[in-house]
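The first residue in the sequence is number 1, and the count goes up from there.
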Amino acid sequence: MQEAQSKQLRRHAWWCLLAAGALVIIVYFLVTAPVRYLFSPLLALCAAVAILVGVRWHRPHPSRSWYLFASGMGLFAVADAIFGGFQIAGTLVPVPSVADVLYLAAYACFAAGLVSLMAGWGSGVRWGAVLDAGIITLGMSTLVWAFIVMPYLRSQLSAMSLAVSLTYPLVDLLLLGIVAKLVLLSGVRLPALALFTLWVGATLVADALYYPTLAATGAPIASDVADGLWMASYLLLGAGALHPSLAGTTRLVPRGQERLSPARMTVLVLPALLGPALLIADVGGVRGQPVHVVAIASIVAVLTVLLVVRIMLLARFAEAQADRARARARVAEDALRQQTSLRQQLTRQAFHDGLTGLANRALFFERLEHALDRPAAGQDTVLLLIDLDRFKDINDSLGHPVGDELLITVGHRLLGAARRNDTVARMGGDEFAILAEDLKDIPAETYAQRFLDRFQEPFALSGHRSVFITASIGVVAITEPTTFHDALRDADIALYAAKERGRNRAQVFEPAMSQAQQTHARIAQDLRHALPRDELSVHYQPVIHLPTGQVTGVEALLRWQRGGRSPIPPEVFVPVAEETGLIRPIGAWVLLEACRHGQHWHDTLPGGEALSVAVNISGWQLKDHRFPDTVRQVLHETGFPPASLVLEITESTLVTDADTTSPHIRALRDLGVRISIDDFGTGYSSLAYLRDLPADIVKIDQSFVLRSGSEANKSLIQAILHIGHALDLEVIAEGIETPHQAQRLHTLGCPHGQGFYYSPPLAPTALEAYLTIQATLKPSKSHK
């Protein structure tokens with residue numbers, strides 16, 4: 001509450017002082033008693049106190065200036081009291097007197113306060129403001145000379161009285177010059193500054209009314225008006241100190257913003273014309289007095305010089321401004337040029353590939369869409385989608401920098417094969433696209449072949465390195481209106497078909513491909529839900545010891561019954577699972593099921609502890625560094641003996657990525673798991689290579705078993721059996737379908753076999769029944 005009242009008092013104290021002072025001045029004019037002469041020192045004292053209070057409230061900087069103003073106002077109060085004492089006593093005020101000493105000392109305090117105020121700003125020399133203040137002061141000095149100095153010099157005053165009397169107008173001119181410079185520098189039209197300026201103005205006007213008439217007549221005319229203006233000036237200075245905007249009066253006009261406005265130019269020119277006007281009007285008979293003519297002419301001459309210097313300074317300022325404007329124009333021009341260059345660079349980056357410099361996907365899509373919007377687009381537009389074959393092997397074996405260099409070189413070759421108006425783009429990775437419009441006389445297959453031919457020669461790279469690589473191309477010859485989404489889809493389908501048909505070829509899109517692709521997509525989509533929906537199952541085919549006919553193991557085979565419909569063959573959905581990455585979770589599930597069932601048979605069937613379970617492993621699973629840990633976890637969870645688990649891996653998987661798979665196979669064998677080479681003879685068909693494969697079992701492919709009657713196949717089977725025996729490898733023949741095949745394999749010395757002749761793949765319960773019957777019967781299929 002008290003704080004709010006204090007803020008309210010500070011906000012309104014300045015105009016309360018003015019209002020109270022105005023009442024005192026009115027009373028001064030109404031009262032005729034001598035006591036009225038005490039009003040002036042009273043108001044001066046109030047102004048001094050108000051300045052001290054304002055400094056305490058608002059903390060202006062520098063505060064010493066305001067203490068000097070308060071001191072000057074205090075001296076005024078004492079001087080006015082002395083002067084009023086003479087008036088009350090009815091005696092003539094002597095000149096000079098103690099009051100004059102105090103008045104001049106007060107003026108000195110005011111001048112020192114003004115100088116201190118400007119020095120505290122630390123603004124340096126502002127020559128424009130100095131010249132303007134000098135011009136105003138010199139211009140007004142001609143009036144002082146004509147109306148004050150000349151009459152005083154004609155008077156009969158003593159030297160001391162004359163000196164004191166002339167000191168007042170000279171001090172007024174000094175104050176005028178200082179205040180003019182202060183106002184020109186501050187340039188902030190705050191209420192406190194306005195009151196401060198009015199204080200000086202009222203003081204100068206009061207002096208101008210008092211001293212000229214005193215000099216001319218020996219007695220001041222309208223002294224009451226002068227007294228009223230002096231008292232008003234006291235109130236204005238005190239109110240300015242109390243005003244809340246006091247702290248802001250020290251802000252300066254920023255350098256470079258001091259301009260000669262029309263009003264300011266008028267203020268400068270008019271004082272310069274006062275001297276000639278006085279001479280022309282012959283004020284006070286000045287033309288008849290050469291000394292005074294020379295004095296006024298000298299002032300006018302100095303004024304002229306100052307005006308010329310001011311104009312030169314203004315011209316230099318204008319020239320500097322013009323130079324800065326030209327510099328800013330150059331900077332703006334450079335910025336505009338850089339912006340244009342940057343915009344062009346960004347545009348190129350937005351529509352061109354950063355590695356090869358070819359058009360990027362965005363630009364290619366835009367041009368394809370524009371081409372398909374043309375009415376004749378369906379007659380002569382061809383779209384090619386190009387993918388490098390086995391580019392990942394280049395990156396993995398030679399490093400990504402070599403791969404990037406190869407992509408750049410491929411891009412250059414494709415540009416060399418394209419026509420001038422064709423669009424060659426890099427779609428991302430190792431995939432490129434080409435758009436050919438107005439391809440009227442060239443068949444799409446021929447046009448695609450010219451790009452395929454560019455891959456016949458090796459690609460020369462830095463470091464004298466040459467790299468061979470092929471490409472697969474999907475071709476779409478647009479023969480009817482279509483959307484760019486459909487065109488890209490068809491090109492992608494054709495590219496996929498080219499990959500499926502052996503790579504290093506161009507494949508033209510056919511509508512039947514779309515149907516196959518849709519079927520493939522549906523299989524992939526349904527396969528994602530096969531595990532959660534319990535649509536997958538594991539069947540088992542027995543592995544028979546051919547001499548005795550006893551079951552020594554089983555092979556786990558995955559089956560998929562999709563949504564109550566007919567089963568989907570593994571050769572259809574397993575490649576899809578490998579492409580989509582689903583083979584990893586599905587393979588882990590098969591491994592868990594096979595080990596769980598195997599452990600159950602070990603625990604429940606007579607002699608079941610000797611039964612091994614073989615599980616087919618995809619190359620994608622084997623490349624996963626986490627796969628050995630998955631096998632370890634499954635064995636631990638099910639309790640199935642590692643020696644009873646056989647992991648079947650195709651020959652091609654073992655050979656093509658040996659650097660990756662070999663460490664994983666060693667980790668599996670360290671667990672005690674056995675490794676079987678499936679479909680041996682169909683991959684690299686090198687019996688000598690069998691020595692280096694990390695395996696425990698070799699399975700002879702069904703193709704050799706079916707043709708086992710020929711001498712060539714007979715010799716090959718015998719060779720596999722001899723090498724297997726020499727390397728201490730078990731040998732199992734796959735796909736035995738007839739008694740004749742079984743007898744021939746037994747005769748050749750093959751120890752194990754499996755196939756439909758013995759049993760088709762069985763569900764776990766059916767296999768358990770089969771194994772139970774086998775355990776109770778004597779060997780029925782002995783081939784001894």
Look only at the side chain of [X] and the backbone of [Y], and say whether a donor-acceptor pair between them is shorter than 3.5 Å.
| X | Y | value |
| --- | --- | --- |
| R361 | M427 | yes |
| H539 | L558 | no |
| Q743 | H740 | no |
| S618 | W620 | yes |
| R450 | A417 | yes |
| D696 | I675 | yes |
| T630 | R626 | yes |
| D353 | L358 | no |
| R426 | G429 | yes |
| Q754 | I732 | no |

Trace of the side-chain contact (heavy atoms from CB on, under 4.5 Å) decision for L488 with L368: CA-CA 9 Å; L488 288 171; L368 176 59; 3.9 Å; yes
Are any non-hydrogen side-chain atoms of [X] and [Y] less than 4.5 angstrom apart?
| X | Y | answer |
| --- | --- | --- |
| L536 | I586 | yes |
| V698 | L727 | no |
| V410 | F391 | no |
| I649 | D678 | no |
| Y770 | S759 | yes |
| V543 | V554 | no |
| H600 | P764 | no |
| V646 | V615 | no |

Pairs flagged by salt bridge (Lys or Arg N to Asp or Glu O under 4.0 Å) wherever residues 583-594 is involved - sequence neighbours left out: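 Output for this query lists R584-D624, E593-R596.
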Distance check, rounded to the nearest 0.5 Å: [X] atom [atom1] versus [Y] atom [atom2]?
| X | Y | atom1 | atom2 | result |
| --- | --- | --- | --- | --- |
| T765 | H597 | OG1 | NE2 | 9.0 Å |
| S644 | L635 | OG | CG | 10.0 Å |
| I700 | L745 | CD1 | CG | 7.0 Å |
| D430 | L406 | CG | CG | 9.5 Å |
| T552 | I544 | OG1 | CD1 | 7.0 Å |
| Q541 | L557 | CD | CG | 6.0 Å |

Taking all heavy atoms of [X] and all of [Y], pick out the closest pair and write down the distance.
| X | Y | result |
| --- | --- | --- |
| V475 | A444 | CG1-CB, 3.9 Å |
| A614 | E648 | CB-OE2, 3.4 Å |
| L383 | A487 | CD2-O, 3.6 Å |
| I736 | G753 | CD1-CA, 3.7 Å |
| Q702 | G735 | CG-CA, 3.7 Å |
| P760 | P542 | O-CD, 4.3 Å |

N-O pairing of K699 and E734 below 4.0 Å: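 Salt bridge present between K699 and E734.
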Short side-chain donor-acceptor distance under 3.5 Å, S472 and D389: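 Yes, side-chain donor-acceptor contact under 3.5 Å.
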Results of side chain to side chain donor-acceptor pair (under 3.5 Å) for H752 - residues two or more places apart only: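 So H752 forms no side chain to side chain donor-acceptor pair (under 3.5 Å) with any residue.
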Any residue meeting side chain to side chain donor-acceptor pair (under 3.5 Å) with D629, in chain and number order, not counting sequence neighbours: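 Here the qualifying residues are R632.
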CA sep, side-chain torsions, deciding dist, call: L582, R528, side-chain contact (heavy atoms from CB on, under 4.5 Å): CA-CA 7 Å; L582 294 173; R528 295 182 184 277; 3.7 Å; yes
Parallel, tilted or perpendicular: rings of F573 and W560 (30°, 60°):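 Answer is perpendicular, since the angle exceeds 60°.
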Mutual orientation of the aromatic rings belonging to F451 and Y447 [parallel < 30°, tilted 30-60°, perpendicular > 60°]: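 Perpendicular, since the angle between the ring planes exceeds 60°.
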F455 six-ring centre to R413 NZ/CZ under 6.0 Å and within 45° of normal: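 Checked: cation-pi criterion not met.
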If you count the non-hydrogen atoms of other residues, nucleotides and ligands that lie under 6.0 Å from [atom1] in [X], is the total more than 12?
| X | atom1 | answer |
| --- | --- | --- |
| D603 | CG | yes |
| E457 | CD | no |
| H485 | NE2 | no |
| E579 | CD | yes |
| R503 | CZ | yes |

Verdict with reasoning, I717 to I720, per side-chain contact (heavy atoms from CB on, under 4.5 Å): CA-CA 5 Å; I717 293 173; I720 295 174; 5.6 Å; no
Trace of the side-chain contact (heavy atoms from CB on, under 4.5 Å) decision for V631 with V673: CA-CA 9 Å; V631 175; V673 174; 4.1 Å; yes
